[in-house]
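For ligands, and for the atoms within them, numbers begin at 1 and follow the listed sequence. Atom set for the values below is all heavy atoms of this structure, side chains included, hydrogens, waters and symmetry mates excluded.
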Amino acid sequence: MDDRSLALMQELSDAPGASGFEDAVVAVARKYFSGAGRLEEDFLRNLYFYRKENTGNKPILMLDAHSDEVGFIIQHIKPNGTLAFLPLGGWNKNAPVSSRVMVRNALGEYIPGVIAAKPVHYMSAAEKQSPALEMDAMVIDIGATDMEDAKTNFHIRIGEPVVPADTFYYDRERDLMFGKAFDCRIGCAAMIEALLRLEGKELPCDVVAVLSTQEELGPRNSKVTVNRIRPDAAIVMEGCPADDTFVESWAVQTALKKGPMFRHMDVSAICAPRFQRYVLDLAEEKGIPVQEAVRRGGGNNAASIQTALCGAPAVVAGVPVRYAHSTTCISSGFDFEATVDMVMALLENITPEVIKSF
Ligand SMILES: [Zn+2]
């Protein structure tokens, strides 16, 4: 990864952006996109990027990456000063407890807290045996002594977002990235980087990219983005869950350092089969490493893009992320670069005729 890609990835990963509160992520994207094309935004804070080389008379290829991350929202301030919360997005319920988080207060500052559960010293024998803790049994402790302290001195109020507090780290020697929110900030970074590397280049189709908000709550905002862009085909960029540390080796379909994963299907969609085949054949022709998967779970914006308006064929380019939807993720620079290469190859090779063949 070059210095710009790393800085982009670091800023995007560190930016707080629980679903509905993606302002800081949008600001980073605006900074890197600036000068390379025209930017628009809607009230949902979906950020649209139009290449300045677009002609207005070619088919439109849409790129999508979601700007939000799984987080929490403050529901109550308890009399003892701890904070009850609800999840924003699909958490592994074992992941949050004991981790440090950042809580936005009424002044707009992110202040530290800890996701706390009853200490082992105060658990009954039955509680100690209990395999997993429900999220309702956890609170966020910011160190306040009571409700009044939380309100007056910490400026806490309900309805404010909370995100994991992990910060980005790159192990250059082993080419590994550690940090939070790689689902989908690594997809956002790969999308932005591919577009910046294609700056000034004429492409066979017009390209409109969008950082879409609130995907972790279900593919709801992409209904709006599709309406504005009216794409002829779409590539959805994702940070997708790697499976190589928890399944049998013969069943691994999304491993670290093997390139982006293109899914034939997940719970939400069958990715346009002829488009999917085109991607896999092009990857082979160009010598770009990719992986393919048939997924039992998952879901993403391709589902709503394929079924909105008159429908647009979509595929999903997923950068493998170990431990997506938890507080700390691991990804590799190799996979980031392979994803950028693949998306650039697609944008350079998909012609209006190719879209017709989908
Ligand atoms: Zn995602």
Side-chain angles (χ1 to χ4, degrees), residues 9 12-22 24-26 28-29 44-47 62-72 87-92 95 161 163-164 166 177 179-194 209-226 234-243 253-254 256 260-263 265-269 271 291 293 295-306 314-332 335-336 339-340 342-343:
M9 188 56 209
L12 284 171
S13 170
D14 288 348
S19 308
F21 303 91
E22 296 97 331
V25 185
V26 173
V28 174
L44 291 163
R45 300 229 64 186
N46 294 310
L47 179 71
M62 171 183 181
L63 295 178
D64 170 277
H66 66 87
S67 51
D68 60 328
E69 66 190 288
V70 293
F72 310 98
L88 290 173
W91 278 91
N92 172 342
V163 291
D166 201 17
M177 293 177 265
K180 74 168 181 69
F182 288 3
D183 174 8
C184 176
R185 304 293 160 67
I186 198 162
C188 296
M191 182 176 84
I192 294 169
E193 189 58 42
V210 60
L211 259 78
S212 52
T213 51
Q214 298 183 31
E215 189 269 356
E216 296 295 359
L217 306 180
R220 39 175 91 164
N221 289 5
S222 49
K223 290 179 202 148
V224 174
T225 63
V226 170
I235 303 165
V236 175
M237 315 275 300
E238 268 289 358
C240 63
D243 58 5
Q253 295 185 323
T254 314
L256 219 59
M261 181 270 266
F262 287 84
R263 67 193 67 187
M265 68 165 272
D266 60 27
V267 164
S268 66
C271 291
Q291 307 180 72
R295 296 202 51 207
R296 195 185 288 275
N300 66 87
N301 279 339
S304 52
I305 292 169
Q306 290 204 128
V315 291
V316 183
V319 192
V321 174
R322 283 188 182 164
Y323 321 117
H325 291 211
S326 74
T327 54
T328 302
C329 316
I330 308 174
S331 285
S332 78
D335 292 329
F336 175 87
T339 307
V340 172
M342 193 63 226
V343 170

Please enumerate all residues that pass side-chain hydrogen bond (donor to acceptor under 3.5 Å, both in side chains) together with D64, with sequence neighbours excluded. S212, N301

A side-chain contact here means heavy atoms from C-beta on lying under 4.5 Å apart; do L47 and S67 qualify? no

Do any of the N/O/S atoms of C240, backbone or side chain, fall under 2.8 Å from the Zn ion (ligand 1)? no

Please determine if the Zn ion (ligand 1) has an N/O/S atom from D183 lying under 2.8 Å away. yes

Below 2.8 Å, any N, O or S contact between E238 and the Zn ion (ligand 1)? yes

The side chain to side chain contact (heavy atoms under 4.5 Å, CB included) partner of H66 among M237, Q214, E238 is E238

Test item: D68 and T213 side chains (from C-beta on) under 4.5 Å apart, heavy atoms: no

